Amino acid sequence: MFCSKSSKKGRKLNKAQRAKQQQEDEERRLREEEEARLQAEKEEQERLERERKEKELERLELKDQERREDELNELRHLLEENHTAVTKWKTNTVEKAKWERYMHYDDGTPDPAVQQDINTYISLWRDDPEVNITTVLKQCCLALQLIEELDSLLRDVSDPQEALKYQESLVNLQELIHLKHHLTTEEILKRASSNIDTETGNMQTVVKDDNITLCLWANLKRNPRFKGLTFEEAGLGFELPKRLAVSDIAVRILHTRYDHLSLLAKMAHLRIQTPRHRSLTGGEEIPADVDKPEQGETKGEEDVREDDETQQQKVDEEVQSIQEFEGRKSVASRQSNTSSSQPGEGRGSQIQTQMEALGAEGDLISPSMQLTTLDSGVQVVDLMQYTALGGVLYYDVFHLPPQAHQVNGWEIRQLLDKGLQVFPYSVENSNLDDNEVLACPPVGVSVTLPDSVIFLERPQVARWDAAGKQWRMDGITDFSYEEAEAKISFKMDSFQAFVLMQETYANLPFQSWELRPLGQDSALFTVNGALMDLSITIQGNQCMLQSEQKRGLSHLIGKWMSSPALQRAMLNAGINIFVNEYTDKYVSTCGKDPLTEHAVYEQMALFASACAFSWSKWNAKCGAEHLVMQVCENLGPDPVPKDSWSLYLLGAQRSQKLEITERSEAFSPDHYPG
C-alpha cells in the first residue's frame, strides 16, 4: 500500500517536471524568436540607415563637387583677372623702359638694341687714340652700362639670331674695355721714371673709380733685397722672388668689380653641347635648336641657319681675341692645363661634383666646366656649384717700357712697335731643366676681401686658364685666411687672373622660413638659412633686404628695388636663397611634385595679404604629392603668436587642416575634427 502511494506521487512529480520543462522550452523558443525578430528589424534598420547615409553622402559629394566647381570657376576668374593685370603692368613697364631708353639715347649714346648704332660706337671708340686714364675710365663706364643692357636684352630675347647679334656686341665691348685698360697701363708705365717714389726709388701708383682699381709698380731700382709691396689704399699686395726683383719689369694688379671671364667661360662651354630647355610641367626637354635642317626645309631657312653660324663664328673669334689678351703668358704657362701639378698643390683634397647626374637629362654645360680632379691634378670649376664674387683680379707682369731721357732739353724715348709685352715667367715650363725651374719660384699675392660681398665660409681661389677658357683651383699654394682682418694671401705658379669663389648653395637648405602680411600688397619674408638669416620686405613691386649682417651688405640693406634687381644684387653680394632646377644636385632636399608646388605658391600669393605661412617639420614626412605648412589668418602687421598656427596638408586637388600640431610626436594625415 505504501509503495503504491509512493509510485503515484513520483509519477505526479515527473509529470509536473515535464510540464515545467516544456513551459521553459516554449518560453526560450519565444524569446529566441523575439530576439531573432528584433535582430532582423535591427539589421533592416541598419541597412536602411546605411542606404540613407550613402544617399546622403552621394548628395553631399555631389553638392561638394558643385561647390568646388563654383569655387574653381571663381578662382579661375580671379586668376585670369590677376594675370591680365600683371600682363598689362608688364607691358606698361616695358613700354616705359623703352621710352626712357629712347630719351636716354637721344643724347648721342648708342642704343644697344640697334646693331648699327652699337657697331658704329665700337668702331669709333676703337680708333680713338685717347689714352689718358681719367678719360678712358669714363668711356669704360659707359661701355659697362651698355654691356649690362645687352646682357638684359640677351635674357629676354627669344630669337636666336638676335641673341647672337647681342652676344657679338657684348663680347666686342668686353674686348675693347680690356684693350683700353692695356693701353692706359702702357701709357702710365712709359712715364714711370718721372713719378719715382723717393723712399723706394721705384714707381707705384693706384687709380680707382667705381668699377676698377688699378695698381701699378715699376721696378726702376732693381733692388735684389726687394720682397714685395702692399698698396694700402687698395688692400692689394704682391711678393716677388729675387729673379724678378732684379729684372726690368712692371707689376699690375687690376681689380675689376665686374666679371667678364666667367661669362666668357659660360659662353664658350655652353656652345659645346646643344642647349636643352626643361619643360615647366616636368615633361621631356626640348632641344633649343638642331644641327641639321629638316627634310623640306626651305632655302630661306638654310640661309638663316648660315647667318646664325656666321654670327656664331664671329662671336667665337671675339672670344678668342680676349683669350689672346688673357693668354699672353709664357708657353709653359699656356700649357699648364696639361702639365702635372707641383708638390704641395693638391693639399690632399679633391672637390667632387654631382653634375654627372645631368648627363642623362641634357647638360646645359660642358663636362669640362665641372669641378673635377683629373689624373694630372687639374681642378676645373663647375660654375653652377661655385660662384665668383667680388669681380676679377688680373695679376700681370710686363717688360718695363723704355723710359724717356732728357738730352739738351729734348725728351728722347725709344718707341716699340709691339706695345706693352708680357714678361715670360712660369714654374710649369717643362722645357726648362731642373735648375731653371728652381729659379722660378711661385709668386705671391694678398687681397683684402671686397667690402661689397659677403663670404659665408672661407673663400676659395680659382685662377683663369686662358687656353681652356675655364677657372681652375689647382696651382694655388700657401693659402692663408685671416678672418679678423678679412684678408687672404697665397702663391701661384705664374701671373694669372684669379677670382674669389664661394659655394653657390652654401646657405641652403633653409632651417626655417616665414611669410606674413604687413598690409594690403605688403608682406615680410623671413629666411633662416644654413649660415645666415635675413628678411625681405615686399611692398607692391618693390623689395627691400634686411639683415643683422652689415659687412658686405651696406650697399643693399634698406634699399628699395625691383625683385629681379634685388635678386641679381644679392647673388652678386654672395647671398643666394634662390633655387632652380639644378639646386637638388647640390643640396639635399625632400622632393615635391612641381605641379603641386606651383598650385600651392599660387594660393599663397592670393592669400598673402591676409594669411601668414611658415615652414613645418612634417613637410618631409607627407610624401612627394603633398606639402605641409603652418598657416594662420593674420590681418595686422604684428608677429603671429606661437599657439595660433595651424597645420595644413596641401595637395593639387584639395587642402585640409590637420589634427596634429608642430609639437606632435608623429605625423598623421587625419584632418581636424569638424
Side-chain angles (χ1 to χ4, degrees), residues 60 63-83 85-86 510-528 533-544 546 563 577 590 592-593 595-623 625-674:
L60 292 176
K63 183 177 180 181
D64 184 66
Q65 186 175 358
E66 293 175 353
R67 175 196 58 79
R68 176 177 170 78
E69 288 297 328
D70 292 340
E71 291 181 354
L72 285 176
N73 289 332
E74 182 181 357
L75 176 60
R76 291 190 191 101
H77 179 67
L78 179 60
L79 292 177
E80 287 175 0
E81 288 183 341
N82 286 355
H83 180 72
V86 169
F510 297 159
Q511 306 304 300
S512 64
W513 61 266
E514 179 180 309
L515 176 67
R516 64 180 176 88
L518 298 177
Q520 186 65 30
D521 295 330
S522 179
L524 179 67
F525 180 47
T526 303
V527 170
N528 299 113
D533 302 336
L534 58 89
S535 62
I536 298 175
T537 303
I538 304 108
Q539 178 66 56
N541 64 342
Q542 296 288 298
C543 302
M544 180 175 65
Q546 296 288 348
S563 175
I577 60 170
C590 51
K592 298 293 181 178
D593 177 65
L595 293 180
T596 302
E597 283 188 326
H598 182 75
V600 170
Y601 294 154
E602 229 175 28
Q603 300 303 309
M604 290 173 65
L606 294 173
F607 278 95
S609 291
C611 289
F613 303 90
S614 182
W615 78 291
S616 171
K617 65 181 181 182
W618 301 120
N619 189 47
K621 304 293 185 181
C622 62
E625 68 281 0
H626 289 98
L627 287 81
V628 173
M629 68 174 62
Q630 301 181 78
V631 184
C632 175
E633 183 177 5
N634 194 62
L635 301 178
D638 298 329
V640 179
K642 290 185 178 181
D643 296 333
S644 299
W645 293 104
S646 298
L647 285 178
Y648 281 80
L649 182 68
L650 312 174
Q653 294 299 319
R654 67 174 66 245
S655 303
Q656 62 187 39
K657 185 177 179 180
L658 295 178
E659 185 176 12
I660 62 171
T661 66
E662 194 67 13
R663 294 185 296 274
S664 299
E665 295 182 357
F667 175 73
S668 171
D670 295 339
H671 63 77
Y672 191 81

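Fair warning: this is a prediction, and the values are worked out from it, not measured in the lab.
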Inset, instruction - Let me see the working for Q630 and S646 under side chain to side chain contact (heavy atoms under 4.5 Å, CB included), right down to the final yes or no. - result: CA-CA 5 Å; Q630 301 181 78; S646 298; over 6 Å; no
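- Remark: C543 SG to F525 CZ distance equals 11.0 Å, nearest 0.5 Å.
- Closest non-hydrogen pair, G519 versus S609, comes out as O-OG, 3.8 Å.
- P669 and Q656 make their closest contact through O-NE2, 3.2 Å (heavy atoms, listed as atom of the first residue, atom of the second, distance).
- Side-chain atoms of V527 and I536, non-hydrogen and from C-beta on, never get closer than 4.5 Å to each other.
- Under the side-chain contact (heavy atoms from CB on, under 4.5 Å) test applied with S535, the options E514, M544, Q546 reduce to a single match, Q546.
- Atoms NE2 and CZ, from H671 and R654 in turn, are 10.5 Å apart once rounded to the nearest 0.5 Å.
- The distance from the OG1 atom of T526 to the CG atom of D533 is 9.0 Å, given to the nearest 0.5 Å.
- Distance alone, capped at 3.5 Å, places no donor-acceptor pair between the R516 side chain and the C611 backbone.
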Inset, instruction - Carefully, step by step, assess N528 and F510 under the rule side chain to side chain contact (heavy atoms under 4.5 Å, CB included). - result: CA-CA 6 Å; N528 299 113; F510 297 159; over 6 Å; no
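- Contact between M629 and S616 at its shortest, heavy atoms only, is CA-CB, 4.0 Å.
- Once rounded to the nearest 0.5 Å, the distance linking CG of L649 with CG of L658 reads 5.0 Å.
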Inset, instruction - Please test L647 against V628 for side chain to side chain contact (heavy atoms under 4.5 Å, CB included), starting from the C-alpha separation and ending with a verdict. - result: CA-CA 7 Å; L647 285 178; V628 173; 4.0 Å; yes
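- With sequence neighbours excluded, the residues forming a side chain to side chain contact (heavy atoms under 4.5 Å, CB included) with S655 are L650, listed by chain and number.
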Name every donor-acceptor pair, under 3.5 Å, that has one atom in a side chain of residues 64-76 and the other anywhere in the protein, sequence neighbours excluded.
residue: D64; atom: OD1; partner: R67; partner atom: NE; Å: 3.1
residue: D64; atom: OD1; partner: R67; partner atom: NH2; Å: 2.4
residue: R67; atom: NH1; partner: E71; partner atom: OE1; Å: 2.8
residue: R67; atom: NH1; partner: E71; partner atom: OE2; Å: 2.8
residue: R68; atom: NH1; partner: Q653; partner atom: O; Å: 2.6
residue: R68; atom: NH2; partner: Q653; partner atom: O; Å: 2.8
residue: R68; atom: NH2; partner: Q653; partner atom: OE1; Å: 3.0
residue: N73; atom: OD1; partner: R76; partner atom: NH1; Å: 2.9
residue: N73; atom: ND2; partner: E69; partner atom: O; Å: 3.1

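- Remark: side-chain polar atoms of K621 are not paired, donor with acceptor, to backbone N or O of S668 under 3.5 angstrom.
- In this structure, SG on C590 lies 8.0 Å from CG on L627, to the nearest 0.5 angstrom.
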Legend entry - Test side chain to side chain contact (heavy atoms under 4.5 Å, CB included) applied to F667 and I660, step by step: CA-CA 7 Å; F667 175 73; I660 62 171; 3.6 Å; yes
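- Interatomic distance, T596 OG1 to Y601 OH, rounded to the nearest 0.5 Å: 11.0 Å.
- Scored by the side chain to side chain contact (heavy atoms under 4.5 Å, CB included) test, W615 finds S512, W513, K617 as partners (sequence neighbours excluded).
- In this structure a side-chain-to-backbone donor-acceptor pair under 3.5 Å is missing from T537 to L524.
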